Trainee: 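Pasting a structure below so you can have a look.
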Number of protein chains: 2
Amino acid sequence: MGGMATAERRAQPARVDATRNRERIIAAAREAFVEHGPTVPLDAIAHRAGVGNATLYRHFADRHELIHVVASYSLARITEQAESALAEETDAFEALRRFVHRAADERVGALCSLLYEGFDKNDPHVIDARVRMEAVVTELMDNAREAGQLRSDVGIGDLMVAITQLTRPIAGTACAHVERFMHRHLQLLLDGMRAPARSELCGTAATFEDFETT
Amino acid sequence: MGGMATAERRAQPARVDATRNRERIIAAAREAFVEHGPTVPLDAIAHRAGVGNATLYRHFADRHELIHVVASYSLARITEQAESALAEETDAFEALRRFVHRAADERVGALCSLLYEGFDKNDPHVIDARVRMEAVVTELMDNAREAGQLRSDVGIGDLMVAITQLTRPIAGTACAHVERFMHRHLQLLLDGMRAPARSELCGTAATFEDFETT
DNA sequence: CAGGAAACGGGGAGAAGATCTCCGTTTCGT
DNA sequence: ACGAAACGGAGATCTTCTCCCCGTTTCCTG
């Protein structure tokens, strides 16, 4: 039932204000998910988008569908950032560094909604997008590792989880502007990931499977 | 009105089960605040503590008072950890490292409740505890910096905010056990903070004043 | 530029969940 | 063993979120 709205919409050319509002809602939802988590009130998203709540419900059947769309968007944009960094940067670690900071700007934290309780983790499109992203980022890391620039004991899970955590708004504060600090913290993390390793890491890197079992 | 319950309690020696339950509630609240933020349902805290909800309301007039107590507890314990690391470790950076990991174990993330909207930031006791902690941690960092082990462009705000962020539960997941990864991430961060600096940091470190203005 | 269809926004009903109290029962201290 | 204090569960009240209704506005087409 959820996917119908989207399908019907493509059938006939939508009005320009409709598509514009749709984009606004998605952008607002991405921000809101990052700031308050996947359970943020839908009315709050509508308000942030500058539209009435009915408009949101007209475009998206329920929270489930909205999360699905936002997650797909974010996955795609993160992947794009990784691909362009991979293609355009000559230095392997610099490519990784660029990706990390761009991913932060793209609000990679919105992907936390992927882990929402009611989210369909088995959707083919999502799986495909996730695998693609995983592949590109892994390539970024492998390149840096083979170039002797990245320590060998860090995995993709370390990177993605740490980015997500460091780019979230500080808990309890409405708008304490993590943007001011997160790039510093990311830079410190990256420096810590440089080879040669300055210490030994305990445990193992996170994998996507670690989050499957809710 | 909030502080009365605590004051009255100290007047006469409380029953052992009462004090025991009080401790349990505080511990449960600390965990719950870290996991779900300062707005977690009070009934959920009571349930987690293994007591009836009425018992919670008997000990703490409202959420405000509970947060106050938990924050004070956490501040004190973090400070203790910093002090013992300072006193017992000979190597300056090792002292800092030890503090960071212990602070993570002590759920420093509970301090996010300090930033809760209705929290009284001007309470003299809280200010005093915060200043004390700030002083000890600053000393830890200064020592490491003077020993040439800590890069000079990181501040206490970088450390505290990053710890808080990295030790929070991953958004959207009920219990994805950050414990498994957070020590890895903290270690990477610490490695990145080691001297000599491997890159240049942008911006400036966070200060407590940055969070005053809500 | 005018007619009609589609989209919009605000308000509010209904449902879900959180807060906090009442009161019969249990546990502690003397 | 007795009285006082604390406990726990159930439920009344209040808040908050969801989602629909319907009068109004905006956009496309001829």
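To find a chain, count down the sequence lines: A is the first, B the second, and so on, and within it residues start at 1. Just so you know, these numbers come straight off a predicted model, no measurement behind them.
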Trainee: Can you work out whether B:Arg20 or A:Val51 has the more 5'-proximal nearest nucleotide on DNA chain C?
Mentor: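 Going by which nucleotide is closer to the 5' end, it is A:Val51.
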Trainee: Would you state whether a donor and an acceptor, one from the side chain of A:Arg63 and one from the base of D:dT18, lie under 3.5 Å apart?
Mentor: no
Trainee: May I ask you to verify if any side-chain N or O of A:His47 is less than 4.0 angstrom from the OP1 or OP2 atom of C:dG10?
Mentor: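 No.
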Trainee: Whether A:His59 contacts C:dC8 is assessed here as follows: a side-chain N or O lying under 4.0 Å from the phosphate OP1 or OP2. Is that the case?
Mentor: yes
Trainee: What's the CG-C1' distance between A:Leu56 and C:dG10, to the nearest Å?
Mentor: 15 Å
Trainee: Could you check B:Pro41 against B:Val16 and say which one's nearest nucleotide on DNA chain C is further toward the 5' end?
Mentor: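 Whichever sits nearer the 5' end wins; that is B:Pro41.
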Trainee: Would you mind reading off the distance between B:Arg58 atom CZ and C:dT27 atom P, rounded to a whole angstrom?
Mentor: 15 Å
Trainee: Please determine, for the side chain of B:Asn53, which listed nucleotide (C:dT27, D:dC19, C:dT21) has the closest atom?
Mentor: C:dT21
Trainee: Nearest-Å distance, CD1 (A:Ile25) to C1' (C:dG9)?
Mentor: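 After rounding, the gap between these two atoms is 12 Å.
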Trainee: Does C:dA7 have its OP1 or OP2 closer than 4.0 Å to a side-chain nitrogen or oxygen of A:Thr55?
Mentor: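 No, because none of the side-chain N or O atoms of A:Thr55 sits under 4.0 Å from OP1 or OP2 of C:dA7.
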Trainee: If we ignore angles and hydrogens, is there a donor and acceptor under 3.5 Å between the side chains of A:Ser199 and B:Asp191?
Mentor: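 On atom types as modelled, these side chains qualify, holding a pair under 3.5 Å.
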Trainee: Flag the pair A:Glu134 and A:Arg130 as a salt bridge only when some basic side-chain nitrogen lies within less than 4.0 angstrom of an acidic carboxylate oxygen.
Mentor: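 The answer is yes: the pair qualifies as a salt bridge.
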Trainee: Look at all strands and tell whether B:Asp43 reaches a base, only sugar-phosphate, or nothing, counting heavy atoms closer than 4.0 Å.
Mentor: base
Trainee: Have B:Tyr73 and B:Glu23 got a donor and an acceptor in their side chains that come within less than 3.5 Å?
Mentor: yes
Trainee: What's the CZ-P distance between A:Arg24 and C:dG9, to the nearest Å?
Mentor: 9 Å
Trainee: Just checking B:Asn21: base, sugar-phosphate only, or nothing, at a heavy-atom cut-off of under 4.0 Å?
Mentor: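 Sugar-phosphate, no base atom in range.
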Trainee: For A:His64 and D:dT18, what is the distance between atoms NE2 and C1' respectively, to the nearest whole Å?
Mentor: 17 Å
Trainee: Is a donor from one side chain sitting under 3.5 angstrom from an acceptor on the other, for B:Asn53 and B:His47?
Mentor: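 The criterion, which ignores hydrogens and geometry beyond distance, is not satisfied for B:His47 and B:Asn53.
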Trainee: Working to the nearest 0.5 angstrom, can you tell me the gap between A:His185 NE2 and B:Met193 CE?
Mentor: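 The distance works out to 7.0 Å.
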Trainee: To the nearest Å, how far apart are B:Asp17 CG and D:dA4 P?
Mentor: 17 Å
Trainee: Atom NE2 of B:His36 and atom C1' of C:dG17: how far apart are they, to the nearest Å?
Mentor: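 For the pair B:His36 NE2 and C:dG17 C1', the rounded distance is 15 Å.
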Trainee: Starting at atom OH of A:Tyr57, determine the distance to atom P of D:dC19, rounded to an integer number of angstrom.
Mentor: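 So the OH-P distance, A:Tyr57 to D:dC19, works out to 5 Å.
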Trainee: Under 3.5 Å, is there an N or O donor on one side and an acceptor on the other linking the side chain of A:Arg15 and the base of C:dA7?
Mentor: no
